There are 2 protein chains.
Amino acid sequence: MAALERAGQRLTPQRLAIAEALARTGKEATVQELYDQVRRKHPYIGRATIFRSVDMLVEAGLAQRLERPGHVSAYIWCEPGHHHHLICTSCRAVEDLGETLVAPLAKSIARERGFRVDHATLDFYGLCRACAAKRGKPAAS
Amino acid sequence: MAALERAGQRLTPQRLAIAEALARTGKEATVQELYDQVRRKHPYIGRATIFRSVDMLVEAGLAQRLERPGHVSAYIWCEPGHHHHLICTSCRAVEDLGETLVAPLAKSIARERGFRVDHATLDFYGLCRACAAKRGKPAAS
DNA sequence: GTGGTTGCAAAGGTTTTGCATGTGC
DNA sequence: GCACATGCAAAACCTTTGCAACCAC
């Protein structure tokens, strides 16, 4: 959590609580979920603070906004340099994925299509090892 | 546009107009932009119809929702089997990318991490060939 | 002490929904 | 003709903003 200090931001109890909540779940979390979670210890925290704090975390490179299907933004804690993920659609656990997979792709795209890649989204959705083992087949809807 | 019929959906003038508008721009488009565009020919169309139609298009596999940063959904027309894109952050043009790049990645992830990939997002943001040529460097903010 | 941060509440904007009417098949 | 699609408007929703009080540094 010392990463927060390194980000050159003020270390308030709220921010700590939010960062901690996000880091601890190991899953993607919406603002509402973080709000519910953090409110157990900070009953007077406001939703706006969550929004402002996660924005700050994203800018500091400590979190990432997942543009996930369904119009609600979710956030995940992430170590610098790990901006791609495996996201379990069952338990919502998130695993990091390094840049190593994307870098060669970006390079070949630049070469073959003349496209100058700035950044890329690469996220895999599916079942994590545990969930895949639990149910061999995806659950029927 | 015959793809619409194939999707087993009713072919209404509104849907045709929306699909056409989306297909013709060759760019990502927000609902608001489609609304403005389609309204030139269908002044009485409602925003709700746009939302319902793009949802239908997405379900039919003829469009894709881009979860782009900034909380507004944008949609792009896409041929079946081309669900990854190069998106120009300058002119907002969209180029298709086949599945060929992702398939091997998904396979290796399944093998190495025990993760059962269902689907993946892979979109590259940057400058298309034309925009990259126009301005060698990204514009200063 | 000071400037950034918080909490509250209200505003802003996007997306969804209900229902009567209209229409493709 | 019937089921589905549309238009309208209001509701629901997430997110942002303004501002006074507060607090980390």
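Within every chain, numbering begins at 1; the chains are lettered A, B, ... in the order of the sequence lines, protein sequences first and strands thereafter. Keep in mind that what you see is a predicted model, and the values were worked out from it rather than measured.
- At C/dG7, none of the side-chain N or O atoms of A/Arg47 fall inside 4.0 Å of OP1 or OP2 (strictly under the cut-off).
- Remark: of the listed residues A/His85, A/His84, A/Gln64, A/His85 is the sole one forming a side chain to side chain donor-acceptor pair (under 3.5 Å) with A/Asp123.
- Looking only at side-chain heavy atoms (C-beta outward), A/Ile109 and B/Leu97 come within less than 4.5 Å of each other.
- For C/dG4, the base has no donor-acceptor partner in the side chain of A/Arg52 [N/O atoms by modelled type, under 3.5 angstrom].
- Rounded to an integer number of Å, the gap from CZ of B/Phe51 to C1' of D/dA11 is 14 Å.
- The environment of CZ in B/Arg47 is sparse: at most 12 heavy-atom neighbours from other residues, nucleotides or ligands sit within 6.0 Å.
- Between the CD1 atom of A/Ile50 and the P atom of C/dT5 there is a distance of 15 Å, rounded to whole Å.
- Between A/Arg15 atom CZ and D/dC23 atom P the separation is 15 Å, expressed in whole Å.
- Atoms CG (B/Asp36) and P (C/dG13) sit 14 Å apart, rounded to a whole Å.
- With hydrogens and angles left out, the side chain of B/Arg10 and the base of C/dC25 share no donor-acceptor pair within 3.5 Å.
- Annotation: of the two residues near DNA chain D, A/Ala48 and A/Gln32, the 5′-most nearest-nucleotide partner is A/Gln32.
- You'll find that the side chain of A/Val31 is closest to D/dT15, out of D/dG7, D/dC4, D/dT15.
- Among all heavy-atom pairs drawn from A/Arg113 and B/Leu86, the shortest one is NE-CD1, 4.0 Å.
- Here the side chain of B/Ser53 is nearest to one of D/dT6, C/dG7, D/dC25, namely D/dT6.
- Atom CZ of A/Arg39 is separated from atom C1' of C/dT6 by 15 Å (rounded to the nearest Å).
- Residue B/Leu16 contributes atom CG, which lies 14 Å from atom P of D/dA5 at whole-angstrom precision.
- In the set C/dC8, D/dC23, D/dT15, the nucleotide with an atom closest to the side chain of A/Tyr44 is C/dC8.
- Considering only the side chain of A/Ser73, D/dT15 comes nearest among C/dG3, D/dT15, C/dC19.
- Whole-Å rounding puts the B/Ile18 CD1 to D/dT6 C1' distance at 10 Å.
- Closest approach to the B/Asp55 side chain among C/dT15, D/dT17, C/dT16 is made by C/dT16 (side chain taken as heavy atoms from C-beta onward).
- Among A/Gln37, A/Arg39, A/Gln32, the single residue meeting the side chain to side chain donor-acceptor pair (under 3.5 Å) criterion with A/Tyr35 is A/Arg39.
- Close to D/dT6, at under 4.0 Å from its OP1 or OP2, lies no side-chain N or O of B/Thr49.
- A/Pro13 comes within contact range of the sugar-phosphate backbone alone, with a heavy-atom separation under 4.0 Å but no base atom that close.
- An OP1 or OP2 oxygen of D/dG7 is reached within less than 4.0 angstrom by a side-chain nitrogen or oxygen of B/Gln14.
- Of the listed nucleotides (C/dT17, C/dC8, D/dA5), D/dA5 has the atom at the smallest distance from the side chain of B/Thr12.
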